[in-house]
Amino acid sequence: MTAPPRGELRVLETPQAVAAALADLFVAEAHSARKDRGSFFVALAGGKTPQAAYSLLAGAERRDTIDWQHVLIYFGDERCVPPESDESNYKMAFDSFLSQVPIPAQNVHRMHGEDEPVRAARAYSQVLAETMGEAPRFDLMLLGMGDDGHTASLFPGADPGTDGDQLVRAVFVEKYGVHRLTLTPPVINNSRHVIIAVEGAAKAPALHAVREGPYDPVKYPAQIVSPRDGKLTWLSDKAAAGLAG
Ligand code: 6PG
């Protein structure tokens with residue numbers, strides 16, 4: 001199968017520059033969505049990479065330019081842990097910026113990692129359908145990528161594309177022996193703009209394989225990300241782009 005478009009790769013000098021670029025893209029998309037459609041629907045990435053960008057969003061220079069009343073926050077995936085766990089993507093986002101911006105609590109839609117996974121996935125599908133309709137279309141979808149080429153909680157070894165019309169999937173990640181919840185490719189690829197932020201030399205082989213290698217999304221699930229009617233931007237530091245001096 002021929003590979004879908006691989007999106008634009010923007011290589012920044014340092015992780016700090018990646019964080020600033022990510023925060024600025026978030027602000028730009030928030031302004032654009034607010035102006036064009038009234039509200040800004042965004043799905044946050046978990047893991048460590050986006051934390052610095054989230055902290056920048058809590059800074060007055062960016063925070064005070066956003067109309068948080070009209071920002072609707074969702075999550076791309078979640079670990080099946082309670083929200084107070086240090087493993088929780090929700091806790092990471094809450095601590096990094098959601099607790100420091102004037103966003104109404106009801107605007108933040110947390111995946112219930114503390115609940116039985118299949119039930120939690122079904123419940124989150126309902127939240128998406130009730131708040132965004134049967135074909136949720138995010139203005140901005142933030143993602144990361146592991147050094148094995150996974151994204152969200154779509155991990156190697158399982159065909160990421162087998163969903164039909166499921167919006168949220170409960171997965172068991174053999175590699176870590178844990179359950180997770182994840183948005184599915186139909187939702188991810190219905191976004192207006194997907195940004196995948198990648199940092200560090202350890203990810204350089206996967207980033208090269210995902211963007212330049214043969215199309216094999218079972219081996220490299222991040223390859224499944226290709227917005228049907230939207231934009232894909234990769235943000236990478238020099239190390240992850242294999243350009244570190
Ligand atoms: C998660 C993320 C996951 C993450 C990658 C990269 O729940 O961990 O959704 O897909 O984006 O594993 O993680 P780092 O940013 O920590 O390297």
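Numbering of ligands and ligand atoms starts at 1, following listing order.
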Is the shortest distance from a heavy atom of [X] to ligand 1 less than 4.0 Å?
X      : value
Lys203 : yes
Arg180 : yes
Ala45  : no

Distance from [atom] to nearest protein heavy atom, with residue and atom:
atom                    : answer
atom 15 (O) of ligand 1 : Thr49 OG1, 2.6 Å
atom 11 (O) of ligand 1 : Gly144 CA, 3.3 Å
atom 10 (O) of ligand 1 : Ala152 O, 2.6 Å
atom 2 (C) of ligand 1  : Asp77 OD2, 3.6 Å

Does Lys48 reach ligand 1 with a nitrogen or oxygen that is under 3.5 Å from one of the ligand's nitrogen or oxygen atoms? yes
Report the part of Asn89 (side chain from C-beta onward, or backbone N, CA, C, O) that has a heavy atom under 4.0 Å from ligand 1; answer both or neither where that applies. side chain
If two hydrophobic side chains count as joined below 4.5 Å and joins carry through other members, does Phe26 share a cluster with Met92? yes
Can you hop from Val27 to Tyr54 via hydrophobic side chains spaced under 4.5 Å? yes
Minimum non-hydrogen distance to atom 4 (C) of ligand 1, winning option of His150, Arg79, Gln51, Glu87: His150
What's the verdict on side chain to side chain donor-acceptor pair (under 3.5 Å) for Thr131 and His109, showing C-alpha distance, side-chain angles and the deciding distance? CA-CA 10 Å; Thr131 58; His109 305 85; 4.8 Å; no
Nearest 0.5 Å, what's the NE2-OG1 distance between His193 and Thr233? 2.5 Å
Ligand-side contact atoms (ligand 1) for residue partner Gly46, heavy atom cut-off under 4.0 Å: 2 (C), 9 (O), 11 (O)
Asp147 side chain vs Leu207 backbone, donor-acceptor pair below 3.5 Å: no
Examine the side chains of Thr182 and Asp77 and answer whether a donor and an acceptor come within less than 3.5 Å of each other. no
Check Thr65, Asp36, Asp67 against His31 for a side-chain hydrogen bond (donor to acceptor under 3.5 Å, both in side chains) and give me the one that passes. Thr65
Distance under 6.0 Å and angle within 45° of ring axis: Arg34 vs Phe40: no
